[in-house]
Amino acid sequence: MKLEMRKFRIGGYVWGAIVANILILGFIFLISFTTEFKEELPFNSYDMVFSVIDTFVRATYIVFASVLISRLIIDEYRSKSITVLFMYPINRKKLIAAKLLIVVLFTLVADIVANLFVGLGFYILNLSVSVIPEPLTGAIAVQLILKFMMSALATSFLSLIPLYFGMRKHSIAATIVSSLIVVGIICQNVNGFTLYSIIAVPIGFALLGAGIAYMAIRNIEHVDVLK
């Protein structure tokens, strides 16, 4: 994993995640103060605010993960550099597993950090302008933190779903477009309600993502890298 992170300069993606978090926070501020947005998404409780924040964060990092998958895996198949990698005295399955683990861990950590950063930013804003009149109690804060940590765990695995579409033709475009389709399915927010709030949905998608990763690792010995 260390070799892969050095090879692909993972630090650049960390800076990209920081910029994304700032943009999400700015958009939440915009929603809080713009009349048109406030009519469509009236922030009347912390639960709703954090639900909207989590939705934006989830959508951002599902696409972000597809970019990582494209860079770490799909692009290596397209350029045939994967053949050189497979010549190393390391098991092929371990190499692919390490790449996928980087994607999962990066998405998990980035999702949690983003929720904390944007959530804290909104809380500080609310102290000044009182967008939400109710106080943020310790019990509410703990409940919200546990909720988006579980959400981040599910997101980190379901973000692997685009791997299936990308590996079919070794297509970066298919990888990213399929991530946008996943976002469109699970990140629609109507007055604070999303499909993601139905517990079976994130669990089902997470299991699907994990299954796709497992199949990719299991079948790697039979993949024709020169295809």
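Side-chain atoms are counted along with the backbone in the values below, which use heavy atoms only and exclude waters and symmetry mates. Here the structure is a predicted model, which is why all the values come from computation and not from measurement.
- Note: the hydrophobic cluster containing V113 does not contain M149 (ILVMFWY, side chain heavy atoms under 4.5 Å, direct or indirect links).
- No side-chain heavy atom of Y164 sits less than 4.5 Å from a side-chain heavy atom of M215.
- I73 approaches K99 most closely through the heavy-atom pair CG1-CD, 3.8 Å.
- In this structure, I185 CD1 and I161 CD1 are separated by 8.0 Å, a value rounded to the nearest 0.5 Å.
- Heavy atoms of other residues, nucleotides or ligands lying less than 6.0 angstrom from CZ of F29 number more than 12.
- Of all heavy-atom pairs between I172 and I74, the closest is N-CG2, 3.8 Å.
- With rounding to the nearest 0.5 angstrom, the CD1 atom of I69 is 7.0 Å from the CG atom of L100.
- In terms of heavy-atom proximity, R218 sits nearest to K93 at O-CE, 3.7 Å.
- At distances below 3.5 Å, at least one donor-acceptor pair connects side-chain atoms of T175 with backbone N or O atoms of S171.
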Practice problem: Determine, step by step, whether F157 and L108 satisfy the side-chain contact (heavy atoms from CB on, under 4.5 Å) criterion, reporting the C-alpha distance in whole Å, the side-chain angles of both residues, the deciding distance to 0.1 Å, and the verdict. | Solution: CA-CA 9 Å; F157 283 98; L108 175 63; over 6 Å; no
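- Residues I18 and W15 are in side-chain contact: their nearest non-hydrogen atoms beyond the backbone lie under 4.5 Å apart.
- Checked against side-chain hydrogen bond (donor to acceptor under 3.5 Å, both in side chains), D111 has the following partners two or more places apart in sequence or in another chain: N115.
- To the nearest 0.5 Å, atom CG of residue L144 and atom OG of residue S151 are 12.0 Å apart.
- With contacts defined as side-chain heavy-atom distances shorter than 4.5 Å, the pair I140/T137 qualifies.
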Quiz prompt | Residue pair I181, F165: steps toward the side-chain contact (heavy atoms from CB on, under 4.5 Å) verdict | solution = CA-CA 11 Å; I181 294 173; F165 299 96; over 6 Å; no
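- Under the 4.5 Å side-chain heavy-atom criterion for Ile, Leu, Val, Met, Phe, Trp and Tyr, I24 and L125 are members of the same hydrophobic cluster.
- Residue V142 belongs to a hydrophobic cluster whose other members are L146, with links defined by side-chain heavy atoms closer than 4.5 Å.
- Counting heavy atoms from C-beta outward, F122 and Y46 have side chains that approach closer than 4.5 Å.
- Applying the salt bridge (Lys or Arg N to Asp or Glu O under 4.0 Å) test to every pair with at least one member in residues 17-30, sequence neighbours left out, gives no pairs at all.
- Residues I102 and V14 fall within the same hydrophobic cluster, defined by Ile, Leu, Val, Met, Phe, Trp and Tyr side chains chained together at heavy-atom separations under 4.5 Å.
- I28 has its side chain within reach of I53: a pair of non-hydrogen atoms, C-beta onward, lies under 4.5 Å apart.
- Nearest heavy-atom pair across S159 and I62 is CB-CA, 4.3 Å.
- Side-chain heavy atoms closer than 4.5 Å link hydrophobic residues (I, L, V, M, F, W, Y) into clusters, and following such links, even through other members, never connects V19 to V57.
- Residues I186 and L158 have side chains in contact (heavy-atom distance under 4.5 Å, counting atoms from C-beta outward).
- The shortest distance between side-chain heavy atoms of I132 and N126 falls below 4.5 Å.
- Scanning both residues, A152 and I112, for their nearest heavy atoms gives CB-CG1, 3.6 Å.
- With sequence neighbours left out, S179 forms a side-chain hydrogen bond (donor to acceptor under 3.5 Å, both in side chains) with S66.
- When only modelled atom types and interatomic distance are considered, D75 and S70 share no side-chain donor-acceptor pair under 3.5 Å.
- Using modelled atom types, no side-chain atom of D54 and backbone atom of F148 make a donor-acceptor pair closer than 3.5 Å.
- Each of L153 and Y214 belongs to its own hydrophobic cluster when Ile, Leu, Val, Met, Phe, Trp and Tyr are linked at side-chain heavy-atom distances under 4.5 angstrom.
- By the side-chain hydrogen bond (donor to acceptor under 3.5 Å, both in side chains) test, K147 pairs with D47, sequence neighbours left out.
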Quiz item: Passes side-chain contact (heavy atoms from CB on, under 4.5 Å), F56 versus I31? Steps please.
Solution: CA-CA 12 Å; F56 281 125; I31 293 174; 3.8 Å; yes
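- In this structure, A17 and F106 approach most closely via the heavy-atom pair CB-CZ, 4.3 Å.
- Every ring pair (Phe, Tyr, Trp, His ring centres under 6.0 Å) that Y61 has, sequence neighbours left out, goes to F64.
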